[in-house]
Amino acid sequence: YMSPEQATGLPVTEASDWYSVGVMLYEALVGRPPFVGSNVAVLTSKQKSDPVPPSRLVPEVPAELDGLCRDLLSRDPAARPAGRES
């Protein structure tokens with residue numbers, strides 16, 4: 001559930017918590033975490049790639065939940081819904 005920025009030693013922020021919510025949402029929608037493998041492989045994947053969109057694995061996932069999940073799992077903390085300026 002560790003955010004990409006936390007994995008690199010950057011400070012944990014509210015956006016990091018929202019990333020964790022995104023991981024839980026992904027698991028609820030798909031039945032597995034966004035990245036699988038060894039700890040090192042998962043941490044590397046979080047830094048370099050986006051997870052497969054939930055709707056590609058489970059076509060019945062509503063578009064709104066698919067988009068929210070992808071936004072919450074953004075590698076850029078500022079791009080996550082809670083990290084955006086209002």
Side-chain angles (χ1 to χ4, degrees):
Y1 300 92
M2 183 183 294
S3 66
E5 64 274 12
Q6 184 179 2
T8 63
L10 294 173
V12 176
T13 66
E14 181 179 312
S16 304
D17 293 337
W18 284 112
Y19 183 91
S20 298
V21 170
V23 173
M24 290 186 287
L25 177 59
Y26 194 98
E27 287 181 320
L29 295 172
V30 174
R32 68 167 180 84
F35 299 102
V36 292
S38 69
N39 289 339
V40 172
V42 168
L43 292 175
T44 301
S45 294
K46 287 180 180 188
Q47 300 298 313
K48 297 183 182 233
S49 60
D50 296 320
V52 174
S55 62
R56 285 205 19 221
L57 300 173
V58 180
E60 297 81 17
V61 170
E64 296 83 9
L65 282 177
D66 189 66
L68 174 61
C69 190
R70 288 191 337 252
D71 288 348
L72 288 168
L73 292 174
S74 174
R75 286 180 276 157
D76 178 4
R80 295 180 200 138
R84 295 180 186 150
E85 304 234 353
S86 301

Looking only at non-hydrogen atoms, find the nearest pair between [X] and [Y] and report the distance.
X     : Y     : result
Leu73 : Gly22 : CD2-C, 3.6 Å
Leu65 : Leu29 : CD1-CD2, 4.0 Å
Leu43 : Ala7  : CD2-CB, 3.7 Å
Leu72 : Arg80 : O-CD, 3.3 Å
Val42 : Val36 : CG2-C, 3.8 Å
Ser16 : Pro11 : OG-O, 4.2 Å

Check whether any side-chain N or O of [X] sits under 3.5 Å from a backbone N or O of [Y] as a donor-acceptor pair, and report yes or no.
X     : Y     : answer
Lys46 : Phe35 : no
Ser74 : Asp71 : no
Arg70 : Pro53 : no

Do [X] and [Y] have side-chain heavy atoms sitting under 4.5 Å apart?
X     : Y     : value
Val12 : Ser3  : no
Glu64 : Leu68 : no
Tyr19 : Gln6  : no
Leu57 : Tyr26 : yes

Determine, using the 4.5 Å side-chain heavy-atom cutoff (strictly less than), whether Met24 and Val61 are members of one ILVMFWY cluster.
-> yes
Kindly work out whether a path of hydrophobic side-chain contacts (I/L/V/M/F/W/Y, heavy atoms less than 4.5 Å apart) joins Val52 to Tyr1.
-> yes
Verify the distance criterion only: is there a donor paired with an acceptor across the side chains of Thr8 and Gln47 at less than 3.5 Å?
->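 No pair is found: no donor N or O on one side chain lies under 3.5 Å from an acceptor on the other.
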More than 12 heavy atoms of other groups within 6.0 Å of Asp76 CG |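 Yes, enclosed.
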Under the salt bridge (Lys or Arg N to Asp or Glu O under 4.0 Å) test, residues paired with Arg75 that sit two or more places apart =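 Arg75 satisfies salt bridge (Lys or Arg N to Asp or Glu O under 4.0 Å) with Asp50 only.
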